[in-house]
There are 2 protein chains.
Amino acid sequence: MPKPQNLNLNSSDNNHRLSDDVISPLEETHYVLEDQVGFILRGVSQRHLSLFSRLIPDLTPTQFSALSKLCQLGQASQNELGRLTAMDAATIKGVVDRLKLRELISSEPLSSDLRRLILKPTSAGRQLYNEVVMAAHAVTKETLEPLSDKEKEVFLDLLKKLT
Amino acid sequence: MPKPQNLNLNSSDNNHRLSDDVISPLEETHYVLEDQVGFILRGVSQRHLSLFSRLIPDLTPTQFSALSKLCQLGQASQNELGRLTAMDAATIKGVVDRLKLRELISSEPLSSDLRRLILKPTSAGRQLYNEVVMAAHAVTKETLEPLSDKEKEVFLDLLKKLT
DNA sequence: TGTTAATTGTTAGCATACAAACTAATTTGC
DNA sequence: GCAAATTAGTTTGTATGCTAACAATTAACA
(Lines give C-alpha, C1' and ligand atoms only; values in the text may rest on other atoms or scores of the structure.)
Protein backbone atom coordinates (compact mmCIF):
# COMPACT_ATOMS: atom_id res chain seq x y z
CA MET A 1 0.00 0.00 0.00
CA PRO A 2 1.41 3.36 -0.93
CA LYS A 3 2.01 5.95 1.71
CA PRO A 4 -1.12 7.91 2.55
CA GLN A 5 -1.23 10.84 0.25
CA ASN A 6 -0.03 13.67 2.35
CA LEU A 7 0.17 16.15 -0.44
CA ASN A 8 -2.91 17.89 0.84
CA LEU A 9 -3.42 20.15 -2.15
CA ASN A 10 -5.97 22.31 -0.42
CA SER A 11 -4.02 22.57 2.77
CA SER A 12 -4.82 25.73 4.62
CA ASP A 13 -2.86 24.83 7.70
CA ASN A 14 0.44 25.95 6.29
CA ASN A 15 1.31 27.68 9.52
CA HIS A 16 3.89 25.05 10.30
CA ARG A 17 6.61 24.36 7.80
CA LEU A 18 8.21 21.54 9.69
CA SER A 19 10.39 18.66 8.73
CA ASP A 20 7.38 16.61 7.75
CA ASP A 21 6.89 19.13 4.98
CA VAL A 22 10.05 18.01 3.30
CA ILE A 23 8.94 17.27 -0.18
CA SER A 24 10.57 15.54 -3.07
CA PRO A 25 11.60 17.46 -6.18
CA LEU A 26 8.65 15.93 -8.00
CA GLU A 27 6.18 17.22 -5.46
CA GLU A 28 7.66 20.66 -5.90
CA THR A 29 5.56 20.99 -9.01
CA HIS A 30 2.25 20.93 -7.14
CA TYR A 31 -0.07 23.35 -8.80
CA VAL A 32 -3.41 24.20 -7.23
CA LEU A 33 -5.35 25.98 -9.92
CA GLU A 34 -7.85 27.45 -7.50
CA ASP A 35 -5.09 29.22 -5.58
CA GLN A 36 -3.50 30.94 -8.57
CA VAL A 37 -4.11 34.66 -8.79
CA GLY A 38 -4.78 34.47 -12.52
CA PHE A 39 -7.52 31.89 -12.08
CA ILE A 40 -9.26 33.81 -9.31
CA LEU A 41 -8.86 37.03 -11.26
CA ARG A 42 -10.63 35.44 -14.20
CA GLY A 43 -13.51 34.40 -11.96
CA VAL A 44 -13.88 37.89 -10.52
CA SER A 45 -13.77 39.39 -14.01
CA GLN A 46 -16.50 36.99 -15.11
CA ARG A 47 -18.68 38.03 -12.21
CA HIS A 48 -18.08 41.70 -12.89
CA LEU A 49 -18.92 41.28 -16.55
CA SER A 50 -22.10 39.47 -15.66
CA LEU A 51 -23.14 42.28 -13.32
CA PHE A 52 -22.28 44.90 -15.90
CA SER A 53 -24.28 43.35 -18.70
CA ARG A 54 -27.26 42.89 -16.40
CA LEU A 55 -27.26 46.50 -15.17
CA ILE A 56 -26.11 48.09 -18.43
CA PRO A 57 -27.33 45.86 -21.26
CA ASP A 58 -26.79 48.55 -23.89
CA LEU A 59 -23.03 48.91 -23.54
CA THR A 60 -20.07 46.68 -22.84
CA PRO A 61 -17.54 47.72 -20.20
CA THR A 62 -15.00 48.89 -22.77
CA GLN A 63 -17.66 50.74 -24.75
CA PHE A 64 -18.75 52.51 -21.60
CA SER A 65 -15.13 53.29 -20.71
CA ALA A 66 -14.57 54.90 -24.08
CA LEU A 67 -17.87 56.77 -24.06
CA SER A 68 -17.37 58.09 -20.55
CA LYS A 69 -13.86 59.33 -21.27
CA LEU A 70 -15.05 61.00 -24.43
CA CYS A 71 -17.98 62.66 -22.69
CA GLN A 72 -15.69 63.94 -19.96
CA LEU A 73 -13.01 65.20 -22.33
CA GLY A 74 -15.32 66.49 -25.01
CA GLN A 75 -13.08 65.07 -27.71
CA ALA A 76 -9.97 62.98 -28.29
CA SER A 77 -8.14 61.23 -31.08
CA GLN A 78 -8.72 57.52 -31.44
CA ASN A 79 -5.24 56.55 -30.39
CA GLU A 80 -5.35 58.96 -27.46
CA LEU A 81 -8.68 57.53 -26.34
CA GLY A 82 -7.19 54.06 -26.46
CA ARG A 83 -4.35 55.12 -24.23
CA LEU A 84 -6.69 56.75 -21.73
CA THR A 85 -8.86 53.64 -21.53
CA ALA A 86 -5.99 51.12 -21.54
CA MET A 87 -6.84 49.64 -24.93
CA ASP A 88 -4.36 49.07 -27.69
CA ALA A 89 -4.91 50.48 -31.15
CA ALA A 90 -6.62 47.40 -32.55
CA THR A 91 -9.00 47.10 -29.62
CA ILE A 92 -10.00 50.76 -29.47
CA LYS A 93 -10.66 50.68 -33.19
CA GLY A 94 -13.24 47.91 -32.79
CA VAL A 95 -14.85 49.67 -29.86
CA VAL A 96 -14.98 52.99 -31.73
CA ASP A 97 -16.36 51.31 -34.84
CA ARG A 98 -19.27 49.85 -32.90
CA LEU A 99 -19.99 53.12 -31.10
CA LYS A 100 -19.91 54.98 -34.42
CA LEU A 101 -22.22 52.42 -35.98
CA ARG A 102 -24.77 53.23 -33.30
CA GLU A 103 -24.10 56.94 -33.76
CA LEU A 104 -23.05 57.41 -30.16
CA ILE A 105 -19.83 59.07 -31.27
CA SER A 106 -18.69 60.81 -34.43
CA SER A 107 -15.29 61.12 -36.02
CA GLU A 108 -13.59 63.45 -38.41
CA PRO A 109 -10.00 63.79 -39.54
CA LEU A 110 -7.99 66.53 -37.88
CA SER A 111 -6.99 69.07 -40.52
CA SER A 112 -3.72 69.88 -38.84
CA ASP A 113 -2.70 66.19 -38.70
CA LEU A 114 -4.41 64.06 -41.25
CA ARG A 115 -3.38 60.85 -39.54
CA ARG A 116 -5.59 61.58 -36.59
CA LEU A 117 -9.27 60.95 -36.16
CA ILE A 118 -10.93 63.34 -33.78
CA LEU A 119 -13.73 61.61 -31.90
CA LYS A 120 -16.62 63.36 -30.20
CA PRO A 121 -19.74 62.04 -28.50
CA THR A 122 -22.98 62.75 -30.32
CA SER A 123 -25.89 64.15 -28.35
CA ALA A 124 -27.33 60.64 -28.31
CA GLY A 125 -24.02 59.44 -26.90
CA ARG A 126 -23.99 62.08 -24.17
CA GLN A 127 -27.60 61.28 -23.34
CA LEU A 128 -26.93 57.54 -23.06
CA TYR A 129 -23.89 58.25 -20.89
CA ASN A 130 -25.96 60.37 -18.53
CA GLU A 131 -28.63 57.70 -18.40
CA VAL A 132 -26.32 54.84 -17.46
CA VAL A 133 -23.64 56.50 -15.36
CA MET A 134 -25.53 55.80 -12.14
CA ALA A 135 -25.91 52.17 -13.15
CA ALA A 136 -22.15 52.09 -13.74
CA HIS A 137 -21.62 53.19 -10.16
CA ALA A 138 -23.99 50.44 -9.12
CA VAL A 139 -21.90 47.87 -10.99
CA THR A 140 -18.84 48.88 -9.00
CA LYS A 141 -20.83 48.81 -5.79
CA GLU A 142 -22.34 45.39 -6.43
CA THR A 143 -19.04 43.94 -7.53
CA LEU A 144 -17.51 44.95 -4.21
CA GLU A 145 -20.59 44.07 -2.21
CA PRO A 146 -19.08 40.97 -0.55
CA LEU A 147 -16.50 43.20 1.15
CA SER A 148 -16.87 45.50 4.13
CA ASP A 149 -16.10 49.17 3.64
CA LYS A 150 -12.66 48.74 5.13
CA GLU A 151 -12.00 45.68 2.99
CA LYS A 152 -13.10 47.53 -0.14
CA GLU A 153 -10.60 50.27 0.57
CA VAL A 154 -7.73 47.87 1.20
CA PHE A 155 -8.64 45.73 -1.78
CA LEU A 156 -8.71 48.61 -4.23
CA ASP A 157 -5.39 49.90 -2.92
CA LEU A 158 -3.75 46.52 -3.41
CA LEU A 159 -5.40 45.94 -6.77
CA LYS A 160 -4.08 49.25 -8.07
CA LYS A 161 -0.57 48.20 -7.11
CA LEU A 162 -0.85 45.22 -9.44
CA THR A 163 -1.66 47.16 -12.59
CA MET B 1 -1.12 63.82 3.91
CA PRO B 2 -2.46 60.32 3.19
CA LYS B 3 -2.80 57.89 6.01
CA PRO B 4 -0.27 55.08 6.10
CA GLN B 5 -1.89 51.97 4.80
CA ASN B 6 -3.47 49.88 7.47
CA LEU B 7 -3.96 46.28 6.55
CA ASN B 8 -5.80 45.43 9.73
CA LEU B 9 -9.27 44.76 8.44
CA ASN B 10 -10.68 44.40 11.93
CA SER B 11 -9.59 47.86 12.84
CA SER B 12 -12.39 49.73 14.51
CA ASP B 13 -11.10 52.93 12.99
CA ASN B 14 -13.56 52.90 10.13
CA ASN B 15 -12.52 56.36 8.98
CA HIS B 16 -15.87 57.88 8.37
CA ARG B 17 -16.78 60.22 5.56
CA LEU B 18 -16.29 63.77 6.62
CA SER B 19 -18.24 66.83 5.76
CA ASP B 20 -16.04 67.63 2.80
CA ASP B 21 -17.54 64.57 1.17
CA VAL B 22 -20.90 66.26 0.91
CA ILE B 23 -21.59 66.47 -2.78
CA SER B 24 -24.27 68.09 -4.83
CA PRO B 25 -26.80 66.05 -6.79
CA LEU B 26 -25.06 66.94 -10.03
CA GLU B 27 -21.72 65.82 -8.77
CA GLU B 28 -23.34 62.55 -7.82
CA THR B 29 -22.81 61.45 -11.39
CA HIS B 30 -19.06 61.90 -11.21
CA TYR B 31 -17.51 58.86 -12.70
CA VAL B 32 -13.77 58.41 -12.40
CA LEU B 33 -12.92 55.54 -14.68
CA GLU B 34 -9.56 54.91 -13.06
CA ASP B 35 -11.22 54.31 -9.69
CA GLN B 36 -13.73 51.70 -10.90
CA VAL B 37 -12.96 48.16 -9.84
CA GLY B 38 -13.81 46.79 -13.29
CA PHE B 39 -11.34 49.08 -15.00
CA ILE B 40 -8.51 48.28 -12.60
CA LEU B 41 -9.37 44.60 -12.79
CA ARG B 42 -8.99 44.72 -16.56
CA GLY B 43 -5.58 46.33 -16.21
CA VAL B 44 -4.40 43.68 -13.77
CA SER B 45 -5.71 40.94 -16.03
CA GLN B 46 -3.84 42.47 -18.94
CA ARG B 47 -0.62 42.52 -16.94
CA HIS B 48 -1.13 38.94 -15.82
CA LEU B 49 -1.81 37.78 -19.37
CA SER B 50 1.31 39.56 -20.57
CA LEU B 51 3.42 37.83 -17.91
CA PHE B 52 1.84 34.49 -18.71
CA SER B 53 2.48 34.64 -22.41
CA ARG B 54 6.06 35.73 -21.82
CA LEU B 55 6.83 32.92 -19.40
CA ILE B 56 4.64 30.28 -21.06
CA PRO B 57 4.48 31.11 -24.76
CA ASP B 58 3.19 27.67 -25.71
CA LEU B 59 -0.11 27.79 -23.82
CA THR B 60 -2.77 30.33 -22.96
CA PRO B 61 -3.97 30.60 -19.35
CA THR B 62 -7.19 28.72 -20.10
CA GLN B 63 -5.35 26.04 -22.03
CA PHE B 64 -2.97 25.57 -19.14
CA SER B 65 -5.88 25.49 -16.67
CA ALA B 66 -7.56 22.72 -18.65
CA LEU B 67 -4.36 20.78 -19.17
CA SER B 68 -3.34 20.99 -15.54
CA LYS B 69 -6.72 19.82 -14.30
CA LEU B 70 -6.70 16.95 -16.74
CA CYS B 71 -3.18 15.92 -15.79
CA GLN B 72 -4.10 15.98 -12.12
CA LEU B 73 -7.36 14.10 -12.56
CA GLY B 74 -6.15 11.68 -15.20
CA GLN B 75 -9.40 12.10 -17.11
CA ALA B 76 -12.67 14.00 -17.18
CA SER B 77 -15.61 14.63 -19.45
CA GLN B 78 -15.53 17.84 -21.44
CA ASN B 79 -18.40 19.45 -19.56
CA GLU B 80 -16.93 18.38 -16.23
CA LEU B 81 -13.57 19.86 -17.16
CA GLY B 82 -15.30 23.10 -18.01
CA ARG B 83 -16.96 23.24 -14.61
CA LEU B 84 -13.68 22.55 -12.85
CA THR B 85 -11.91 25.31 -14.74
CA ALA B 86 -14.78 27.83 -14.62
CA MET B 87 -15.47 27.74 -18.35
CA ASP B 88 -18.89 27.30 -19.88
CA ALA B 89 -19.60 24.60 -22.41
CA ALA B 90 -18.89 26.75 -25.45
CA THR B 91 -15.62 28.06 -24.08
CA ILE B 92 -14.22 24.73 -22.93
CA LYS B 93 -15.05 23.27 -26.32
CA GLY B 94 -12.80 25.80 -28.07
CA VAL B 95 -10.00 25.22 -25.59
CA VAL B 96 -10.30 21.44 -25.88
CA ASP B 97 -10.39 21.64 -29.68
CA ARG B 98 -7.12 23.54 -29.76
CA LEU B 99 -5.45 21.20 -27.28
CA LYS B 100 -6.64 18.20 -29.31
CA LEU B 101 -5.34 19.75 -32.51
CA ARG B 102 -1.89 19.86 -30.93
CA GLU B 103 -2.36 16.32 -29.62
CA LEU B 104 -1.88 17.40 -26.02
CA ILE B 105 -5.12 15.69 -25.05
CA SER B 106 -7.24 12.93 -26.57
CA SER B 107 -10.96 12.29 -26.45
CA GLU B 108 -13.21 9.31 -26.91
CA PRO B 109 -16.92 8.82 -26.35
CA LEU B 110 -17.94 7.11 -23.13
CA SER B 111 -19.78 3.89 -23.95
CA SER B 112 -21.96 4.05 -20.87
CA ASP B 113 -23.17 7.58 -21.66
CA LEU B 114 -23.01 8.42 -25.31
CA ARG B 115 -23.41 12.12 -24.63
CA ARG B 116 -20.06 12.36 -22.94
CA LEU B 117 -16.57 12.77 -24.28
CA ILE B 118 -13.88 11.41 -22.02
CA LEU B 119 -10.77 13.54 -22.21
CA LYS B 120 -7.28 12.42 -21.23
CA PRO B 121 -3.89 14.06 -21.54
CA THR B 122 -1.55 12.44 -24.04
CA SER B 123 2.02 11.71 -22.99
CA ALA B 124 3.03 14.85 -24.88
CA GLY B 125 0.44 16.76 -22.89
CA ARG B 126 1.70 15.41 -19.59
CA GLN B 127 5.26 16.19 -20.60
CA LEU B 128 4.42 19.76 -21.55
CA TYR B 129 2.54 20.22 -18.29
CA ASN B 130 5.53 19.03 -16.31
CA GLU B 131 7.79 21.32 -18.28
CA VAL B 132 5.81 24.49 -17.71
CA VAL B 133 4.28 24.00 -14.27
CA MET B 134 7.20 25.75 -12.58
CA ALA B 135 6.85 28.65 -14.96
CA ALA B 136 3.16 28.78 -14.04
CA HIS B 137 4.15 29.23 -10.42
CA ALA B 138 6.49 31.97 -11.53
CA VAL B 139 3.63 33.75 -13.29
CA THR B 140 1.68 33.85 -10.06
CA LYS B 141 4.73 35.02 -8.17
CA GLU B 142 5.58 37.77 -10.63
CA THR B 143 2.00 38.94 -10.85
CA LEU B 144 1.96 39.45 -7.09
CA GLU B 145 5.48 40.79 -6.96
CA PRO B 146 4.47 44.42 -6.22
CA LEU B 147 2.94 43.29 -2.92
CA SER B 148 4.60 42.36 0.35
CA ASP B 149 3.99 38.89 1.70
CA LYS B 150 1.37 40.19 4.08
CA GLU B 151 -0.31 42.15 1.33
CA LYS B 152 -0.33 39.12 -0.97
CA GLU B 153 -2.12 37.12 1.68
CA VAL B 154 -4.72 39.81 2.33
CA PHE B 155 -5.21 40.48 -1.35
CA LEU B 156 -5.84 36.85 -2.27
CA ASP B 157 -8.28 36.48 0.60
CA LEU B 158 -10.27 39.49 -0.53
CA LEU B 159 -10.08 38.53 -4.20
CA LYS B 160 -11.50 35.11 -3.45
CA LYS B 161 -14.46 36.74 -1.73
CA LEU B 162 -15.35 38.51 -4.95
CA THR B 163 -15.65 35.41 -7.12
C1' DT C 1 -44.74 3.11 -20.41
C1' DG C 2 -44.45 7.36 -22.23
C1' DT C 3 -43.99 12.12 -21.75
C1' DT C 4 -41.12 15.52 -19.73
C1' DA C 5 -36.96 17.41 -17.91
C1' DA C 6 -32.05 17.72 -17.57
C1' DT C 7 -27.48 17.12 -19.35
C1' DT C 8 -23.94 17.08 -22.95
C1' DG C 9 -21.92 18.81 -26.70
C1' DT C 10 -22.19 21.73 -31.09
C1' DT C 11 -22.72 25.83 -33.76
C1' DA C 12 -23.16 30.74 -34.67
C1' DG C 13 -22.72 35.58 -33.55
C1' DC C 14 -20.82 39.36 -30.99
C1' DA C 15 -17.15 41.60 -28.30
C1' DT C 16 -12.81 41.90 -26.34
C1' DA C 17 -7.50 41.45 -26.55
C1' DC C 18 -3.01 41.14 -28.50
C1' DA C 19 0.57 40.58 -32.11
C1' DA C 20 2.20 41.45 -36.55
C1' DA C 21 2.28 43.49 -40.90
C1' DC C 22 0.95 47.33 -43.35
C1' DT C 23 -0.02 52.39 -45.11
C1' DA C 24 0.45 57.08 -44.46
C1' DA C 25 1.81 61.33 -42.24
C1' DT C 26 4.96 63.74 -39.37
C1' DT C 27 9.21 64.70 -37.06
C1' DT C 28 14.13 64.07 -36.58
C1' DG C 29 18.82 64.32 -37.70
C1' DC C 30 22.41 64.95 -40.69
C1' DG D 1 16.45 69.25 -48.14
C1' DC D 2 16.05 64.51 -47.68
C1' DA D 3 16.42 59.89 -45.67
C1' DA D 4 15.33 57.65 -41.36
C1' DA D 5 12.73 57.14 -37.40
C1' DT D 6 8.55 57.84 -35.16
C1' DT D 7 3.64 58.16 -34.74
C1' DA D 8 -1.32 57.22 -36.11
C1' DG D 9 -4.33 54.31 -37.78
C1' DT D 10 -5.91 50.00 -40.28
C1' DT D 11 -6.17 45.18 -41.21
C1' DT D 12 -5.59 40.31 -40.39
C1' DG D 13 -5.21 36.25 -37.56
C1' DT D 14 -5.58 33.79 -33.22
C1' DA D 15 -7.62 33.22 -28.73
C1' DT D 16 -10.89 34.06 -25.28
C1' DG D 17 -15.67 34.47 -23.37
C1' DC D 18 -20.49 35.16 -23.42
C1' DT D 19 -25.38 34.24 -25.06
C1' DA D 20 -28.64 31.71 -27.54
C1' DA D 21 -30.44 28.13 -30.12
C1' DC D 22 -30.08 23.37 -31.26
C1' DA D 23 -29.74 18.00 -31.45
C1' DA D 24 -28.88 13.85 -29.13
C1' DT D 25 -28.98 11.22 -25.13
C1' DT D 26 -30.23 10.02 -20.56
C1' DA D 27 -32.91 10.45 -16.28
C1' DA D 28 -37.24 11.32 -13.71
C1' DC D 29 -41.67 10.45 -12.79
C1' DA D 30 -46.68 10.37 -13.30
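Note that the structure is a prediction, hence the values are computed from the model and not measured. A note on names: the letters A, B, ... follow the listed sequences, proteins ahead of strands, and every chain is numbered from 1.
In terms of the side chain to side chain donor-acceptor pair (under 3.5 Å) criterion, residue partners of B:Thr140 (sequence neighbours excluded) are, by chain and number, A:Gln36. Applying the side chain to side chain contact (heavy atoms under 4.5 Å, CB included) criterion to A:Asp149, with sequence neighbours excluded, gives A:Lys152. A search for ring-ring contact (aromatic ring centres under 6.0 Å, His included) contacts involving B:Phe155 returns A:Phe155, not counting sequence neighbours. Annotation: side chain to side chain donor-acceptor pair (under 3.5 Å) contacts of B:Ser77 (sequence neighbours excluded): none. Looking at residues two or more places apart in sequence or on another chain, you find a side chain to side chain donor-acceptor pair (under 3.5 Å) between B:Glu131 and B:Gln127. Scanning for side chain to side chain donor-acceptor pair (under 3.5 Å) contacts around B:Lys160 gives A:Asp35, with sequence neighbours left out.
Distance, B:Leu114 CG to C:dT7 P: 18 Å, rounded to whole Å. Distance A:Arg98 CZ to C:dT16 C1': 7 Å, rounded to the nearest Å. A:Asp88 has its CG atom 14 Å from the C1' atom of C:dA21, to the nearest Å. A straight line from CD1 of B:Ile92 to P of C:dT7 spans 18 Å, rounded to a whole angstrom. The distance from atom CE of B:Met87 to atom C1' of D:dT19 is 18 Å, rounded to the nearest whole Å.
Within the structure, ring-ring contact (aromatic ring centres under 6.0 Å, His included) pairs that include any residue of residues 52-93 of chain B comprise A:Tyr31-B:Phe64, B:Phe64-B:Tyr129 (at least two apart or interchain). Screening residues 39-56 of chain B for salt bridge (Lys or Arg N to Asp or Glu O under 4.0 Å) gives no qualifying pairs among residues at least two apart or on separate chains.
Nearest to the side chain of B:Thr91, among C:dA17, D:dT26, D:dC18, sits D:dC18.
A:Glu80 has no carboxylate O lying under 4.0 Å from a charged side-chain N of A:Lys69, or vice versa, which leaves the two without a salt bridge. A salt bridge links A:Lys93 with A:Asp97; the closest basic N to acidic carboxylate O contact falls under 4.0 Å.
Counting non-hydrogen atoms under 4.0 angstrom, B:Asp113 reaches the backbone sugars and phosphates but no base.
Of the residues in residues 39-63 of chain A, those placing a heavy atom less than 4.0 Å from an atom of DNA chain D are A:Arg42, A:Gln46, in numerical order.
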Polar pairs (N or O, both sides) under 3.5 Å between protein and nucleotides 5-7 of chain D?
unit_1: D:dT7; atom_1: O2; unit_2: A:Arg115; atom_2: NH1; d: 2.7

For nucleotides 10-12 of chain D, list the nitrogen or oxygen atoms of the protein found under 3.5 Å from its nitrogen or oxygen atoms, one pair per line.
unit_1: D:dT10; atom_1: OP2; unit_2: A:Gln78; atom_2: OE1; d: 3.4
unit_1: D:dT10; atom_1: OP2; unit_2: A:Gln78; atom_2: NE2; d: 2.3
unit_1: D:dT11; atom_1: OP2; unit_2: A:Lys93; atom_2: NZ; d: 3.3

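The hydrophobic cluster containing A:Leu84, built from Ile/Leu/Val/Met/Phe/Trp/Tyr side-chain heavy atoms closer than 4.5 Å, also comprises A:Leu73.
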